[in-house]
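A short worksheet on the structure shown next.
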Amino acid sequence: MSHDHPDTVRILDFLAEIGIPVAHGAIGDNSFLPGIEVRNGGLVLDPARSLFPGDLLHEAGHIACTEPALRPMLCEVRDDPGEEMAAIAWSYAAARAIGIDTQVLFHADGYKGGGAALATAFDDGAGPGTPMLQYFGMTAEPHQAGNLGLPAYPQMARWLR
């Protein structure tokens, strides 16, 4: 999709509001996601390439869940299952907060073909990653929210770890 698609614009406005930097520039041909690269704790979007708006939220989720001291240096998303689940859960919470459809977030070309299953799981309240966000103090699993004094997921107490 284009960089001026309404979902993309809404996501970029949200990222600016919560403090995740976004710049435009050329990215290498070996970027993991089309048109997007994590660089120095922010996102770089290649204006010459199309992108999936939902991928912006997913990559932003990795940045948001990174330890604050390490975030400014983040240039490569690690292949860590816990971090991946946290980024997925964060991206769903962000999508809900700004009104992005779950099918846009978990699009058919992403998540190794499992986007539809993730969309169903999260919409049914059973998606992965909430325990990691709770561990980071960003939200709480619904059954623990009252005891922890945090909002119940997908509501967030804070967007950055």
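Positions are given from 1 along the sequence.
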Problem - Atom pair SG/CD of C65 and E83 - distance to nearest 0.5 Å - result: 8.5 Å
Practice task
Identify which one of L15, I11, V9 satisfies the side chain to side chain contact (heavy atoms under 4.5 Å, CB included) criterion when paired with D13.
Solution key: V9
Problem - Shared hydrophobic cluster for F136 and M85 (ILVMFWY, side-chain gaps under 4.5 Å) - result: no
Practice task
Answer yes or no: are there more than 12 heavy-atom neighbours, outside D79 itself, under 6.0 Å from its atom CG?
Solution key: no
Fill in the blank from the handout: Separation between CD (E141) and OH (Y135), nearest 0.5 Å, reads 14.5 Å
Exercise for the section: Spell out, yes or no, whether L105 and V22 are grouped together once hydrophobic residues are joined by side-chain heavy atoms under 4.5 Å, including indirect joins. Expected result: yes
Practice task
Please indicate whether Q144 has more than 12 foreign heavy atoms, meaning atoms of other residues, nucleotides or ligands, lying under 6.0 Å from its CD.
Solution key: yes
Problem - Closest non-hydrogen atom pair between A152 and P142, with its separation - result: CB-CA, 3.8 Å
Fill in the blank from the handout: Between A140 and A145 the two heavy atoms that sit nearest each other are CB-CA, 3.6 Å
Practice task
Output yes when a side-chain donor or acceptor of T120 lies under 3.5 Å from a complementary backbone atom of A116, and no otherwise.
Solution key: yes
Problem - Co-membership, hydrophobic cluster, residues I18 and L150, 4.5 Å side-chain - result: no
Problem - Positive for ring-ring contact (aromatic ring centres under 6.0 Å, His included) with F122, one of F106, Y111, W90 - result: F106
Exercise for the section: Look at the side chain of T139 and the backbone N and O of P151, then say whether any donor-acceptor pair between them is shorter than 3.5 Å. Expected result: yes
Review item, side-chain donor-acceptor pairs of residues 67-75, under 3.5 Å, at least two apart:
| unit_1 | atom_1 | unit_2 | atom_2 | d |
| --- | --- | --- | --- | --- |
| R71 | NE | I63 | O | 3.1 |
| R71 | NH2 | T66 | O | 3.2 |
| R71 | NH2 | R161 | O | 3.0 |

Handout entry: Heavy-atom donor-acceptor pair, Y153 side chain to A89 backbone, under 3.5 Å
Key = yes
Practice task
Evaluate the ring planes of F52 and H107, with Trp represented by its six-membered ring, and classify them as parallel (under 30°), tilted (30 to 60°) or perpendicular (over 60°).
Solution key: parallel
Exercise for the section: Would you please classify the geometry between the F14 ring and the W159 ring as parallel, tilted or perpendicular, with 30° and 60° separating the classes? Expected result: perpendicular
Practice task
Measure the spacing between CD of E37 and CD of E76 and express it to the nearest 0.5 Å.
Solution key: 10.0 Å
Problem - Spacing of S50 atom OG and L45 atom CG [to the nearest 0.5 Å] - result: 12.0 Å
Problem - Interatomic spacing from CG in L57 to CD1 in I88 - rounded to 0.5 Å - result: 12.5 Å
Practice task
Grab the two heavy atoms, one from G137 and one from A157, that are nearest each other, plus how far apart they are.
Solution key: O-CB, 4.4 Å
Handout entry: Closest contact, heavy atoms only, A64 versus I20
Key = CB-CD1, 4.1 Å
Problem - Check: H58 and E84 side chains under 4.5 Å, non-hydrogen atoms - result: yes
Handout entry: Gap between atom CG of L118 and atom CD of Q103 - 0.5 Å precision
Key = 10.5 Å
Handout entry: P21 versus G41, closest heavy-atom pair with distance
Key = CD-O, 3.7 Å
Exercise for the section: Check whether any side-chain heavy atom of E59 sits under 4.5 Å from a side-chain heavy atom of L33, and report yes or no. Expected result: yes
Problem - Results of side chain to side chain contact (heavy atoms under 4.5 Å, CB included) for A121 - residues two or more places apart only - result: none
Handout entry: Charged N-O contact under 4.0 Å between R10 and D7
Key = yes
Practice task
Could you tell me whether the side chain of D46 and the main chain of I27 form a donor-acceptor pair under 3.5 Å?
Solution key: yes
Exercise for the section: Output, in order, the C-alpha distance, side-chain angles, deciding distance and verdict of side-chain contact (heavy atoms from CB on, under 4.5 Å) for T102 and R96. Expected result: CA-CA 8 Å; T102 309; R96 294 281 55 87; 2.7 Å; yes
Problem - Check: P34 and L51 side chains under 4.5 Å, non-hydrogen atoms - result: no
